[in-house]
Structures are given as C-alpha cells and as structure tokens.
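Below is one structure, written out as structure tokens, with a few remarks after it.
In what follows, residues are counted from 1 in the order of the sequence shown. All ligand and atom numbering here is 1-based and tracks the order in the structure. Only heavy atoms go into these numbers, but all of them, side chains included; no hydrogens, no water, no symmetry mates.
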Amino acid sequence: MEVIRVPGVMRQTAKGHLLRGRTIGFVPTMGALHRGHLSLVSRCREENDVAVVSIFVNPAQFGPSEDYQAYPRDVEGDMEKLRAEGVDVLFIPDVDGMYPEGFATYVEVEGLSERLCGAFRPGHFRGVATVVTKLLNIVRPTRAYFGLKDYQQAVIIRRLIADLDIDTEMVGCPTVREDDGLAMSSRNLYLSPAERKAATVIYRTLCQAEEALLSGGKGFAEVRSLMERGLAGEPLVKEVQYASLFDPWTLADISSMDANIYRGRTVLLAVAVVIGRARLIDNKLVEVPGVDQVRP
Ligand code: PAF
C-alpha cells in the first residue's frame, strides 16, 4: 500500500492512473476504522481498478465545543486494516496540507445543510462539503463511497457533486450494524458498557416506528411521538435532538403531514441522541404501504 501525505503528490498519482485508463475508487474517512468503513473499502476494491482511502480528521467540520481533539485516532491500526483489505493508496494529509495559510474558500450546500444535524451542529456540513470537494479534486475518483448511516451527509454530497459538475459517481452504501442493531460508528468508542447497552434503544425505536408505519394504523405525528417517547424512556439518553419522519430527498420534516400523501412512497426515519459524551445518529428508510398494501 502506497502511503501519500502531500496533496500534490496524491493528485499526480491519481493523474497517472487516469491517464492509463484505470478507474479510481475512493473512500474518504476520518480514521478509527470499523467494519462499516471496511464494507465501503471492500466494495470500492471490487468495483474499481485502484482503491484509494483517505484518513483526515477534518477540523472544519467540528464546532468549537465539539470533539475534534478527542476524536479517536489509531493510524497504525487503520493502516493494518487497510493493508489487509488490499487498498492501493492511503492518502493521509495533515491539516496544513489541506488548509494552508490564507485558505479562504468554503463550499456551502444551502437548505439541506440546515436541517436535521445541521440545526444542532452549525457549520458542520460546510466543513464536510468543503473537505469532500477538496478531496474529490485531489483524488479525482471515478466513484466515491459513503455510508448511509450519515444519510444527510450523503444527500448533501450527492447535491454538491451535481451542482459543481464533479466527475465522480457517488455510491451510497448500507449501514453496517452490531449484532444488537447498533449502527457502527467511531463514536461508539466513547460509550461505557452501560451506555453501550442503552444505545440499543436507537435501532429498536427505529424498528418500532417502521412497524407502526407498515401496519398502517398510525398517522405520522403519532409515529413521531412514539419515537420521541421510546428514546426519552431510556434513562441514559441525555438528550433527544431529533426523532422524526423526513422526506428522503428534501430532508423536510414531514411529521405534521397526512400519511396518505406518502402512500407508496419512501420516508426517512431519522434520530440524533446524546448518550454519555457520544452524539449518535441513525436512520431507516421505510416504504409507506399503498392503500391496498396495508398489513392486517
Ligand atoms: O463521514 C466522514 O467520516 C466524514 O464526514 C468525511 C466524509 C470523511 C469528511 O470528513
């Protein structure tokens, strides 16, 4: 595995592969790699001639009171995992390389960035959109792979790729879960054993909400309050930031809408909670049954 630390060198390497007619697959990460990341890497390897992974804990996407300093870092362990996956290139720039003195340009995806997590993490998606745009310009991938656990991030990146005419196909990949349903996340490392157990309430609540939608008896407002009550009922949940139903394209909150409008269409159930010092998010896409499909 080639390890590249300088953006200019990464750009030249990518150019060399593209000139030889090879496809480049790219998985951007912030490291502390878990099985969720590795599922993206393995798909990236399968679908492209050259697999590039980046590790960069991006300061621009953390708020002043957030966990930038504390964010888990394990570069040696990550490298071992990536070598075992057969990754061709690891791009691991430093902060000065990505944001040199005088850096002044940011990418803002309007509207989509203000909803869900954006309402609680001002500036977060501006930081994500900026670094992803830079990484795509440096690596110039044919395809880039993102996990759908960060559903809002995926929608925003899809939008920016289209809006800025970036020549990359964005591939959204399913969430990988622990056996008890908890979505894999680097931030799960923050949880004590009791908090880790309590965190199972997240996926359980999403499944209960899905069931309520599939059985057809409940309106969206009722499903929303079922989710809120389910999460708030777990004593170790310190805060429910949001738990609601959203339009999967616009990310508008649709919990006050008539469920009939979404019959036969897909809705996004999404939640963000704080447990201990971890802010955890998860989501589920559910197809609302058509009038003839309501389960008995
Ligand atoms: O999902 C992440 O790990 C990050 O937000 C990303 C896409 C690598 C940008 O820093």
Side-chain angles (χ1 to χ4, degrees), residues 4 7 10 25-41 43-44 51-63 66-75 77-78 81-82 87 89-95 97-99 103 105-109 112-113 115-118 120-141 143-161 164 166 168-176 183-190 270 272 278-283:
I4 300 179
M10 181 67 242
F26 178 44
V27 182
T29 81
M30 298 205 300
L33 303 178
H34 49 68
R35 279 199 285 121
H37 294 114
L38 299 182
S39 74
L40 306 181
V41 172
R43 180 152 174 204
C44 169
V52 180
V53 174
S54 66
I55 296 178
F56 179 62
V57 185
N58 171 35
Q61 69 189 73
F62 290 81
E66 291 187 351
D67 55 344
Y68 173 65
Q69 295 298 343
Y71 195 83
R73 290 163 171 88
D74 176 20
V75 173
D78 290 346
K81 289 174 189 159
L82 296 174
V87 165
V89 181
L90 170 61
F91 177 46
I92 180 163
D94 62 18
V95 175
M98 291 297 277
Y99 300 110
F103 185 89
T105 306
Y106 292 86
V107 178
E108 194 120 25
V109 180
L112 294 171
S113 296
R115 309 206 156 121
L116 291 94
C117 292
F120 297 88
R121 304 187 69 188
H124 168 66
F125 288 114
R126 178 191 200 237
V128 170
T130 302
V131 82
V132 169
T133 304
K134 285 174 65 68
L135 289 167
L136 295 178
N137 279 331
I138 295 166
V139 178
R140 295 179 52 198
R143 299 182 190 86
Y145 296 80
F146 295 87
L148 291 177
K149 183 184 77 79
D150 297 305
Y151 186 90
Q152 181 175 18
Q153 170 172 282
V155 172
I156 287 171
I157 291 167
R158 200 180 287 281
R159 185 78 250 166
L160 87 82
I161 285 177
L164 299 181
I166 295 175
T168 294
E169 179 193 339
M170 192 223 133
V171 185
C173 301
T175 303
V176 178
M184 295 216 174
S185 161
S186 305
R187 289 190 170 98
N188 292 350
L189 292 170
Y190 295 154
R279 181 181 184 278
L280 302 174
I281 58 171
D282 200 355
N283 69 78

For residues 123-132, run the donor-acceptor check on the side chains, cut-off 3.5 Å, and write out each pair with its distance to 0.1 Å, sequence neighbours left out.
unit_1	atom_1	unit_2	atom_2	d
H124	ND1	Q61	O	2.8
T130	OG1	V107	N	2.9
T130	OG1	R126	O	2.6

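Counting heavy atoms under 4.0 Å from ligand 1, residue T29 touches it through the backbone alone.
F62 and Y71 have perpendicular rings, their planes meeting at more than 60° on a 0 to 90° scale where under 30° would count as parallel.
For atom 7 (C) of ligand 1, the closest non-hydrogen atom of the protein is Q153 NE2, 3.5 Å. The closest protein non-hydrogen atom to atom 3 (O) of ligand 1 is M30 CG, 3.7 Å. Among all protein heavy atoms, the one lying closest to atom 10 (O) of ligand 1 is Q61 OE1, 2.6 Å.
Distances below 4.0 Å separate heavy atoms of V131 from the following atoms of ligand 1: 9 (C), 10 (O).
Residues passing the side-chain contact (heavy atoms from CB on, under 4.5 Å) test with A154 are L148, M170, sequence neighbours excluded.
Figure legend: cation-pi geometry between R73 and Y68, with NZ or CZ positioned under 6.0 Å from the six-membered ring centre and within 45° of its axis.
Rounding to the nearest 0.5 Å places CD1 of I157 at 11.5 Å from CG of L112.
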